Amino acid sequence: SRWNGDTWSTPLKISENTGFAEIPSLAADSANTVHVVWDDETYGTSGRVAYKTRASGGTWSAIETLPLPTGALFGWNSRVATDNTNAPHVAFSSGSLAGDSIYWTRKVSGAWTTPELVSKDAAGNNITDTQWSDLRQDNSGNIHLIYQSWGQGVFYRKFSAGSWSTPVLVSANAGYTRMAITPGGEVFVTWHNGNTNAIDVRWTQSGGTWQPETTLATNAAFSFFGFPIMGVTTDSKERAHVGWGEKDAGNLIDLRYRSFVTGSGWQAVQDVDLDNNDADSPVVYPDKWDNQHFAWTEKNPSNNQWEIMYRVAEGTIQTVGSGGGTITANPGNVPYVTLDIPSGALSANTQIGVQIGPVPENVDPTQVTIPRAFTFRPSGLLFNGTSTATFFYTDSEIGAVDERQLKPWVWNSQTNAWEARTGSVNRAQNKIAVSLTGFSLFGISAPIVNTAFVTPTSGETIKQAALHFEFRLNYADGNEIVAPETPEE
């Protein structure tokens, strides 16, 4: 299912399994192709790794099955990542009755390479008691791998310039590990410590120097299926975010996370979802606007059914008090929106979130819309007076529109429709200012300008080889073009 900025699309079954199918992993490449792998018993009673892609236009490929190592009985627990050529890399667990190892394969010129055993210790010895791994790519196209040995701990390796680095022992007391990579290539690894029942983390700074282990939570919760609940991700500002589940005083599961900020360390604990009877299978993914998307399964106590839950942590979060302040959302150091809250607009300290997201697909087709929408939270917040949001855009984003007609559109949840509002456009600085009395979902658009060439009428006289022609311009919605006010327009 796919989030389009407004709703989730109708779920589509992408497997064709007659046997058991489980443990999916996905990654998106620079062409916005989505790569998916999962474990499927349809292609062998012991299971094989299945692979499928979705092109940016929505077309799904046929299912492929990954090759098995020589003598192996199965492949499962797979992870996928892509490099800077958009080639998929897959790590998976495979082996025989003697034990499992982690293997790696990638697609080269349309074919999968022979699986290579990559789960080794620092001395280069093969490790045969590994099942869990994680695979991530960085902005330079390097591939990062971690894998867990039940007897030796968690190891890390990097694939760069065609070869794998020497394994590094991250922790000897780690299980069910997860990893994320910052845009600058720093590595964050989190795991469950079986000796202390804690969620621990270790990371690199200053170009790859490993930092000491740090404990984030001391009462890690296990799901019904026996797995600790946790995840880790990063954003464009080199921050990392670790989420986990822990048991509260009432023996219920609370989902929480903490963020790491370079120079400031680990920040205060944030709540994601509280008081669950049971929860499992957590994942967290960042988007290009630094929002952190949490998804997990949760047991509904009323019918004992497992349901998929979702929540997003806004990419920009800031506390503003009664004295007012300015919030700037600039993921990737690109200014997208500022929110100016004057003194007295808030009666108390309030945590304000700014979420930049995709434009919902139900916008008016006669409008050209800046390719992002803006949601301010908390939902339902009302100001004492007005505040000002300033949205920024580029010339290439507005294309064939009359820039003078740019307007903010607000989503009305009461009528389930977009409503045009008034804004102040500064064309010289490519921005539009909007007065707010409260929060909602905003988009910025203007009418498309259509041009039609009117051919000469049949039999019209042409003098001295001159051709009479005219252009007729109008907005795509049928309205007449607004007359220019100055010659420059």
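Quick caveat: nothing in here was measured; it's all calculated off a predicted structure. Any value given below was found using the heavy atoms of this structure, including those in side chains, with hydrogens, waters and symmetry copies removed.
Contact annotation: the side chain of Arg311 never approaches that of His293 to less than 4.5 Å [non-hydrogen atoms, C-beta and beyond]. By the 4.5 Å heavy-atom criterion applied to side chains, Gln267 and Arg258 are not counted as neighbours. You'll find the side chain of Asp271 stays beyond 4.5 Å of the side chain of Asp273, heavy atoms only. Residues Phe391 and Ile370 are not in side-chain contact: their nearest non-hydrogen atoms beyond the backbone lie 4.5 Å or more apart. Contact of the Ile352 side chain with the Pro378 side chain is registered, since non-hydrogen atoms from C-beta on lie closer than 4.5 Å. Contact of the Leu339 side chain with the Val337 side chain is not registered, since no non-hydrogen atoms from C-beta on lie closer than 4.5 Å. Annotation: side chain of Pro331 is in contact with side chain of Ile356 (closest heavy-atom distance under 4.5 Å).
Residues Glu64 and Lys52 are not paired through a salt bridge, judged by the lack of any N-O separation under 4.0 Å between the basic side chain and the carboxylate. A salt bridge does not link Glu307 with Lys299: every distance from a Lys NZ or Arg NE/NH1/NH2 to an Asp or Glu carboxylate oxygen is 4.0 Å or more. Salt bridge absent: Lys237 and Asp235 never bring a charged side-chain N and a carboxylate O closer than 4.0 Å. Arg136 has a carboxylate O that lies under 4.0 Å from a charged side-chain N of Asp134, or vice versa, which qualifies the two as a salt bridge.
No side-chain donor from either of Glu238 and Thr262 sits under 3.5 Å from a side-chain acceptor of the other. Judged by distance alone, the side chains of Ser171 and Asn173 never bring a donor and an acceptor atom under 3.5 Å apart. Asp290 and Ser236 are linked by a side-chain donor-acceptor pair at a separation below 3.5 angstrom, with hydrogens and angles left out of the test. Side chains of Asn86 and His35: no donor on one and acceptor on the other come within 3.5 Å. When only modelled atom types and interatomic distance are considered, Asn330 and Thr328 share no side-chain donor-acceptor pair under 3.5 Å. Remark: the Ser347 side chain and the Asn384 side chain contain an N/O donor-acceptor pair separated by less than 3.5 Å. A donor-acceptor pair shorter than 3.5 Å can be found between the side chains of Thr105 and Thr113. Counting only N and O atoms by type, the side chains of Ser445 and Trp409 include a donor and acceptor under 3.5 Å apart. A donor-acceptor contact closer than 3.5 angstrom is absent between the side chains of Asp40 and Asn17. Between the side chains of His241 and Thr233, no donor-acceptor pair of N or O atoms lies under 3.5 Å. In this model, no donor atom of one side chain and acceptor atom of the other lie less than 3.5 Å apart for Ser25 and Ser78. Between the side chains of Thr130 and Asp100, no donor-acceptor pair is found at a separation under 3.5 Å. Side chain to side chain, Thr177 and Gln148 fail the donor-acceptor criterion of an N or O pair below 3.5 Å.
Thr190 contributes atom OG1, which lies 9.0 Å from atom CD1 of Ile146 (distance to the nearest 0.5 angstrom).
In summary, the aromatic rings of Phe383 and Phe439 are positioned with their centroids under 6.0 Å apart. Ring centers of Trp150 and Tyr176: under 6.0 Å apart, within the cut-off. In summary, the aromatic rings of Phe374 and Tyr336 are positioned with their centroids too far apart to meet the 6.0 Å limit. Checked against the 6.0 Å centroid criterion, the rings of Trp296 and Tyr310 do not qualify as a close aromatic pair. Annotation: Phe188 is in aromatic contact with Phe260 [ring centroid separation under 6.0 Å]. In summary, the aromatic rings of Trp266 and Trp203 are positioned with their centroids under 6.0 Å apart. Checked against the 6.0 Å centroid threshold, Tyr156 and Trp210 count as a close aromatic pair.
No side-chain donor-acceptor contact under 3.5 Å links Ser93 to the backbone of Ile102. Not one N or O on the side chain of Arg256 forms a donor-acceptor pair closer than 3.5 Å with the backbone of Glu246.
Checked against Tyr51 for a ring-ring contact (aromatic ring centres under 6.0 Å, His included), the options Trp112, Phe92, Tyr43 give a single hit: Trp112.
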- prompt: So Gln211 and Arg202, side chain to side chain donor-acceptor pair (under 3.5 Å) or not? Walk me through it.
  reply: CA-CA 6 Å; Gln211 305 300 301; Arg202 198 175 178 196; over 6 Å; no
